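Reminder, nothing fancy here: chain letters follow the sequence lines and each chain counts from 1. As the structure is a prediction and not an experimental result, all values here were calculated from the model.
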Protein chains: 2
Amino acid sequence: MLEARLPQASILKKIVESVKDLVSQANFDCSDSGISFQAMDESNIALSSFLLRADGFDPYRCDRNLSLGIKFASLSKILKCAGNDDVVIIRYMDDADILSLVFESPNNERISEFDIKLLDIDSEYLSIPDQEFECKVKMSSSEFSRICRDLMTIGASVVIDATKEGVKFSATGDDGSGSVLLKQSGSIDNEGRGVVGTSVEMVEPVSLELSLKYLNNFTKAAPLSDSVAINMSNGIPVMFQFDVGDIGYIRYFLAPQIKDDD
Amino acid sequence: MLEARLPQASILKKIVESVKDLVSQANFDCSDSGISFQAMDESNIALSSFLLRADGFDPYRCDRNLSLGIKFASLSKILKCAGNDDVVIIRYMDDADILSLVFESPNNERISEFDIKLLDIDSEYLSIPDQEFECKVKMSSSEFSRICRDLMTIGASVVIDATKEGVKFSATGDDGSGSVLLKQSGSIDNEGRGVVGTSVEMVEPVSLELSLKYLNNFTKAAPLSDSVAINMSNGIPVMFQFDVGDIGYIRYFLAPQIKDDD
DNA sequence: CTACGGGGTG
DNA sequence: CACCCCGTAG
């Protein structure tokens with residue numbers, strides 16, 4: 001069986017909200033190391049993956065490896081029935097065809113239990129090599145959301161140029177063009193404030209063009225983390241990573257478009 | 001004639017908003033004891049009734065019994081023209097075919113008067129015996145609203161099980177099932193906060209299945225009262241009562257469905 | 001025109 | 001976490 005107790009329902013709620021527009025269903029893989037999934041979007045362009053380590057739960061018990069097929073629309077509906085501060089207990093009994101979610105209100109006067117039907121999803125698990133990237137940008141996730149939203153009004157794709165000086169986001173459309181340059185700023189997190197600067201770590205400058213439609217889906221994960229890591233190498237899929245506290249992460253991979261260099 | 005002065009227009013506004021989706025028109029019965037109405041919904045399934053006692057008005061005068069046919073859509077439009085803090089005066093002149101509503105702003109600088117045409121509605125008045133119920137639940141009205149809204153996403157009907165321990169609301173649908181258990185909690189209204197606990201008073205456990213569509217109409221009355229009383233006996237219509245301060249109430253009756261026990 | 005759901009603010 | 005307002009859908 002699986003039994004995992006997560007003290008903060010809001011974490012699970014945000015994770016599901018951030019992927020449900022991208023992926024309709026996925027297998028949740030549960031093992032003694034934690035819970036994860038990965039899935040391509042409907043058009044097979046973007047890959048979403050997430051991991052919550054076992055030590056993010058208290059307690060966590062998973063007797064054997066499980067692959068639980070979940071429809072995100074159903075899961076999202078059910079999670080809307082949980083308060084942000086509820087404790088959530090995820091439970092699966094061996095060979096059952098349902099997954100149970102139990103929500104306990106902070107004062108314990110309210111206990112809700114929801115059972116969600118499991119699906120049989122044939123998952124071609126795509127293993128992603130743990131590659132090194134030529135360039136790693138770390139920046140404020142809300143700043144990133146803002147830029148993607150703003151540039152979406154200019155054009156359909158964004159060019160990201162990263163150099164030692166900083167990172168530049170540019171878009172071009174019928175009515176004009178625009179760009180935002182973030183200079184590298186040494187001070188990440190001044191005095192415990194939520195202020196996050198921009199850092200660029202690189203062995204090679206990169207320049208990549210990406211679809212803003214997808215990026216604007218990825219930014220739904222911004223509420224999970226103050227910062228986002230953007231890991232790039234020329235010509236291969238970009239990895240966006242939002243850390244979930246120190247207990248896990250959610251990652252998106254998106255292949256760059258062929259750039260129309262003017 | 002009838003002349004009734006209600007110091008708070010908001011009360012009348014909320015009452016009308018809470019029934020107008022259920023009932024299109026009704027006879028308002030006025031006597032020296034107060035103003036009331038009762039009406040079945042269009043499909044003759046749910047009964048709505050309300051009462052404002054004469055002492056909730058100041059002053060109140062009603063020379064003889066009246067039955068004034070009102071279309072809720074018209075009344076609702078007119079009441080939208082009143083400020084929440086306006087004083088409202090309800091006035092009917094004998095043998096007139098209109099009812100007058102006068103709104104006075106708190107500072108008395110603005111006086112509005114609206115006349116609404118009366119209808120001739122043949123009302124088969126259904127007298128409801130003042131019965132004893134096997135089980136009386138009292139709980140937070142906003143909690144009740146929340147549960148009905150949440151479970152609506154799971155299924156079309158809810159099963160209410162009340163026992164000495166508390167009350168459980170359950171729903172089942174295509175994607176799974178869910179339930180919310182409220183434990184009986186001693187502390188009602190800690191320290192004047194709007195916190196309302198759950199109490200169950202019973203001579204017999206009950207288990208009833210009800211349409212969530214109707215319940216979600218009833219919960220429109222939640223703004224009138226912090227708490228709702230749910231009075232049940234197995235097999236007969238359930239009564240939901242929202243008190244209007246200490247001057248009246250609004251009640252809904254809904255017959256249980258035949259339960260499909262698995 | 002009305003009702004319901006989602007997002008933002010206090 | 002609760003309440004209010006706005007936008008979208010029926």
Residues in side-chain hydrogen bond (donor to acceptor under 3.5 Å, both in side chains) with A/Asn27, at least two apart?
A/Ser123
Do A/Lys220 and A/Asp21 meet the salt-bridge criterion of a basic N to acidic O distance under 4.0 Å?
yes
How is B/Lys20 classified with respect to the nucleic acid when contacts are heavy atoms under 4.0 Å: base, sugar-phosphate, or nothing?
sugar-phosphate
So, A/Lys80 and B/Asp150, do they make that salt bridge, N to O below 4.0 Å?
no
Which residues pass the side chain to side chain contact (heavy atoms under 4.5 Å, CB included) test with B/Ile116, not counting sequence neighbours?
B/Ile70, B/Ser74, B/Leu75, B/Ile78, B/Leu99
Contacts under 3.5 Å, N or O only, protein and nucleotides 1-6 of chain D:
from: D/dC1; atom 1: OP1; to: A/Asp85; atom 2: N; distance (Å): 3.2
from: D/dC1; atom 1: OP1; to: A/Asp85; atom 2: OD2; distance (Å): 3.1
from: D/dC1; atom 1: OP2; to: A/Asp85; atom 2: N; distance (Å): 3.0
from: D/dC1; atom 1: OP2; to: A/Asp85; atom 2: OD1; distance (Å): 3.0
from: D/dC1; atom 1: OP2; to: A/Asp85; atom 2: OD2; distance (Å): 2.9
from: D/dC1; atom 1: O5'; to: A/Asp85; atom 2: OD2; distance (Å): 2.9

Please check if the side chain of B/Ser76 supplies one atom and the backbone of B/Phe72 the other of a donor-acceptor pair under 3.5 Å.
no
I'd like a table of atom pairs between the protein and nucleotides 4-10 of chain C - only N or O on both sides, under 3.5 Å - with the distance next to each one.
from: C/dC4; atom 1: OP2; to: B/Lys220; atom 2: NZ; distance (Å): 3.3

Looking at residues at least two apart in the chain, or sitting in another chain, which of them share a side-chain hydrogen bond (donor to acceptor under 3.5 Å, both in side chains) with B/Lys13?
none
Contacts under 3.5 angstrom, residues 101-111 of chain B side chains, donor-acceptor by atom type, not counting sequence neighbours:
from: B/Ser105; atom 1: OG; to: B/Asn107; atom 2: OD1; distance (Å): 2.8
from: B/Ser105; atom 1: OG; to: B/Asn108; atom 2: N; distance (Å): 3.4
from: B/Ser105; atom 1: OG; to: B/Glu109; atom 2: N; distance (Å): 3.3
from: B/Ser105; atom 1: OG; to: B/Arg110; atom 2: N; distance (Å): 3.1
from: B/Asn107; atom 1: OD1; to: B/Glu109; atom 2: N; distance (Å): 2.8
from: B/Asn107; atom 1: ND2; to: B/Glu109; atom 2: OE1; distance (Å): 3.4

B/Val200 versus B/Thr163: any side-chain heavy-atom pair under 4.5 Å?
no
Rounding to a whole Å, what distance do you find between B/Lys213:NZ and C/dT2:C1'?
14 Å
